[in-house]
Colleague: 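Please see the structure below; I have some questions.
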Amino acid sequence: MPDTGCMSLLGPVEVRTLAEKLNIRPTKKLGQNFVIDGGTVRKIVRVAEVSPDDVVIEVGPGLGSLTLALLSEVAEVVAVEIDPVLARQLPETVTVMLPDYADRLRVVQADALRITPDDLPARPTALVANLPYNVSVPVVLHLLQILPELRRGLVMVQSEVADRLAARPGSRVYGVPSVKAAWYADVRRAGPVGRNVFWPAPNVDSGLVSLVRREPPATTATREEVFAAIDAAFAQRRKTLRAALAGWAGSPALAEEALVKAGVDPQARGEQLDVADFARIAEHRR
């Protein structure tokens with residue numbers, strides 16, 4: 001790694017030099033596209049609206065581009081990295097480039113989809129991450145589920161995924177990710193990200209998604225029961241809810257009964273309903 005002097009962020013030269021040192025070739029399997037643009041990571045931190053009191057969980061820190069931008073702005077960064085080589089390198093990179101803030105970094109070498117609160121050295125209050133494209137939605141939903149202290153988030157994901165997460169009822173791309181994310185948070189698009197800020201440049205554009213925690217709909221149904229109804233409704237999204245929920249409810253007649261009691265038209269389709277509608281439907285399943 002070159003002598004970085006007073007530099008605090010990774011640019012194209014530093015990213016490629018680090019990758020060469022570690023003999024890393026970014027893989028599609030792990031969804032690795034490293035950010036090489038300082039302006040982009042500064043924008044992410046600014047839009048995330050993190051504070052000096054926040055404990056940020058960053059999933060997939062990679063070589064540390066976003067990590068370095070976060071460390072001077074928050075109390076602590078818990079970086080969850082599945083790649084053991086990258087996990088070992090990150091503290092060294094931070095020590096060289098931002099020695100005054102190195103004590104704010106905690107690295108957890110683990111699969112973010114499998115972690116529990118007990119695996120983390122602190123309870124995160126914010127999620128800020130450039131998420132691997134192939135697991136972005138499951139990671140967001142998993143962390144919102146297991147970390148109730150997580151009050152807000154800003155994630156960079158594939159543009160198409162950003163559209164799906166932030167979609168509203170009636171949208172062509174509204175589906176399971178949209179409804180399940182809405183159970184936990186107010187989800188909105190927070191801006192586009194071009195391809196040239198990454199190395200290697202992906203074949204798709206990216207987008208920022210903002211998440212602000214809110215209470216789930218008031219319901220006597222459990223989250224698992226509501227999510228089962230959502231899954232059933234969208235498994236056959238071209239069918240009416242009476243037909244799509246027949247297996248879930250036990251029969252088309254029982255599905256219709258639950259829908260009518262919930263105040264939902266049995267001839268409607270899943271993409272027309274919001275998360276509160278699904279919560280009412282789940283309540284009335286016999």
Colleague: Nearest heavy-atom pair of Phe278 and Ile230: which atoms, and what distance?
Modeller: CG-CG1, 3.7 Å
Colleague: Do Glu14 and Leu18 make a side-chain contact, defined as non-hydrogen atoms from C-beta onward lying under 4.5 Å apart?
Modeller: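 Answer no - side chains too far apart.
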Colleague: Specify the closest pair of heavy atoms between Pro121 and Arg106, including all atoms of both residues, with the distance to one decimal.
Modeller: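 Where Pro121 meets Arg106 most closely, the heavy atoms are CG-CB, 3.6 Å.
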Colleague: What heavy-atom pair brings Arg164 and Val173 nearest, and what distance separates the two atoms?
Modeller: CG-O, 3.7 Å
Colleague: Sequence neighbours left out, what pairs pass salt bridge (Lys or Arg N to Asp or Glu O under 4.0 Å) with at least one residue falling in residues 47-70?
Modeller: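 Qualifying pairs, neighbours excluded: Glu49-Arg152.
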Colleague: Run the numbers on Ile57 and Ile115 for side chain to side chain contact (heavy atoms under 4.5 Å, CB included), then give the verdict.
Modeller: CA-CA 12 Å; Ile57 182 168; Ile115 59 169; 4.3 Å; yes
Colleague: Group every Ile, Leu, Val, Met, Phe, Trp and Tyr by side-chain heavy-atom contacts under 4.5 Å, then state whether Val74 and Val47 land in the same group.
Modeller: yes
Colleague: State the CG-OG1 distance between Leu63 and Thr17, to the nearest 0.5 angstrom.
Modeller: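 OG1 of Thr17 is found 10.5 Å from CG of Leu63.
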Colleague: Report yes if the side chains of Lys180 and Asp231 come closer than 4.5 Å at any heavy-atom pair, otherwise no.
Modeller: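 They are in side-chain contact.
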Colleague: Between Val85 and Leu90, is there a shared hydrophobic cluster once you connect ILVMFWY residues whose side-chain heavy atoms come closer than 4.5 Å?
Modeller: yes
Colleague: Is it true that a side-chain atom of Glu92 and a backbone atom of Gln89 form a donor plus acceptor pair closer than 3.5 Å?
Modeller: no
Colleague: So does Thr220 get a backbone contact from the side chain of Glu283, meaning a donor-acceptor N/O pair under 3.5 Å?
Modeller: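 Yes: the side chain of Glu283 pairs with the backbone of Thr220.
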Colleague: Report the C-alpha separation of Val204 and Tyr133 in whole Å, then their side-chain angles, then the decisive distance to 0.1 Å, and conclude whether the side chain to side chain contact (heavy atoms under 4.5 Å, CB included) test is met.
Modeller: CA-CA 10 Å; Val204 293; Tyr133 285 168; 3.6 Å; yes
Colleague: Between Phe198 and Val35, is there a side-chain heavy-atom distance shorter than 4.5 Å?
Modeller: yes
Colleague: Do the side chain of Glu81 and the main chain of Gly62 share a donor and acceptor less than 3.5 angstrom apart?
Modeller: yes
Colleague: If you round to the nearest 0.5 Å, how far is CZ of Arg42 from CG of Leu70?
Modeller: 12.5 Å
Colleague: Which residue, Ile281, Val179, Asp265, forms the side-chain contact (heavy atoms from CB on, under 4.5 Å) with Leu273?
Modeller: Ile281
Colleague: May I have all residue pairs that pass salt bridge (Lys or Arg N to Asp or Glu O under 4.0 Å) and include part of residues 201-228, sequence neighbours excluded?
Modeller: Arg195-Asp205
Colleague: For the CD atom on Glu20, are there more than 12 heavy atoms of other groups (residues, nucleotides or ligands in this structure) within a distance under 6.0 Å?
Modeller: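 Check fails, neighbour count at 12 or below.
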Colleague: Please examine the side chains of Leu143 and Val80, heavy atoms only from C-beta on, and report whether any two atoms are closer than 4.5 Å.
Modeller: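 No, their side chains stay 4.5 Å or more apart.
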Colleague: Got a salt bridge between Lys261 and Glu257, using NZ or NE/NH1/NH2 to carboxylate O under 4.0 Å?
Modeller: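 Looking at Glu257 together with Lys261, the answer is yes, because their closest N to O distance falls below 4.0 Å.
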Colleague: Please give me the minimum heavy-atom distance between Gly270 and Ala233, naming the atom from each residue.
Modeller: CA-CB, 4.5 Å
Colleague: Nearest 0.5 Å, please: how far is CZ in Arg172 from CD in Glu271?
Modeller: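 Glu271 CD to Arg172 CZ: 11.5 Å, rounded to 0.5 Å.
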Colleague: I need the single residue from Val41, Val77, Val50 that forms a side-chain contact (heavy atoms from CB on, under 4.5 Å) with Val128. Which is it?
Modeller: Val50
Colleague: Got a donor-acceptor contact below 3.5 angstrom from the Arg286 side chain to the Leu254 backbone?
Modeller: no
Colleague: Indicate if Ile146 and Val140 have the same hydrophobic cluster label, given that clusters are the connected sets of ILVMFWY residues with side-chain heavy-atom separations under 4.5 angstrom.
Modeller: yes
Colleague: With side chain to side chain contact (heavy atoms under 4.5 Å, CB included) as the criterion, how do Ser65 and Leu10 come out once you've worked through the C-alpha distance, each side chain's angles and the decisive distance to 0.1 Å?
Modeller: CA-CA 5 Å; Ser65 301; Leu10 297 174; 3.8 Å; yes
Colleague: Mind checking whether Leu154 and Ser210 have side chains closer than 4.5 Å, heavy atoms only?
Modeller: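 Leu154 vs Ser210: side chains touch.
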Colleague: State the CG-CG distance between Asp83 and Asp111, to the nearest 0.5 angstrom.
Modeller: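 Here the interatomic distance stands at 12.0 Å.
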Colleague: Might you work through the side chain to side chain contact (heavy atoms under 4.5 Å, CB included) test for Met156 and Leu66, ending with a clear yes or no?
Modeller: CA-CA 11 Å; Met156 182 157 59; Leu66 179 56; over 6 Å; no
Colleague: Considering only heavy atoms from C-beta outward, does the side chain of Trp183 approach that of Leu141 to under 4.5 Å?
Modeller: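 Contact flag for Trp183/Leu141 side chains = no.
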Colleague: To the nearest 0.5 Å, tell me how far Ile36 CD1 sits from Asn196 CG.
Modeller: 8.0 Å
Colleague: Identify the heavy atoms of Arg188 and Arg168 that sit nearest to each other, and give their distance.
Modeller: NH1-NH2, 3.0 Å
Colleague: Would you indicate whether the side-chain heavy atoms of Ile44 and Thr40 approach each other to under 4.5 Å?
Modeller: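 Yes, side chains in contact.
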Colleague: For a quick test of reading the model, state the closest non-hydrogen atom pair linking Arg242 to Gln267 and the distance between them.
Modeller: CD-NE2, 4.3 Å
Colleague: Do Val193 and Asn130 touch side chain to side chain, with heavy atoms closer than 4.5 Å?
Modeller: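 Side chain of Val193 against side chain of Asn130, heavy atoms only: no contact under 4.5 Å found.
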Colleague: Are Leu144 and Leu113 linked, directly or through intermediate hydrophobic residues, by side-chain heavy-atom contacts shorter than 4.5 Å (ILVMFWY only)?
Modeller: yes
Colleague: Students often mix this up, so state it plainly: with edges at 30° and 60°, are the rings of Tyr184 and Phe227 parallel, tilted or perpendicular?
Modeller: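 Ring orientation, 0 to 90° scale: perpendicular.
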Colleague: Got a second to check how far Leu147's CG is from Leu120's CG, nearest 0.5 Å?
Modeller: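 Going from CG on Leu147 over to CG on Leu120, the span is 6.0 Å.
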Colleague: Under 3.5 Å, side chain of Thr219 to main-chain N/O of Arg280, donor-acceptor pair present?
Modeller: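 No, because the side chain of Thr219 does not come within donor-acceptor range (under 3.5 Å) of the backbone of Arg280.
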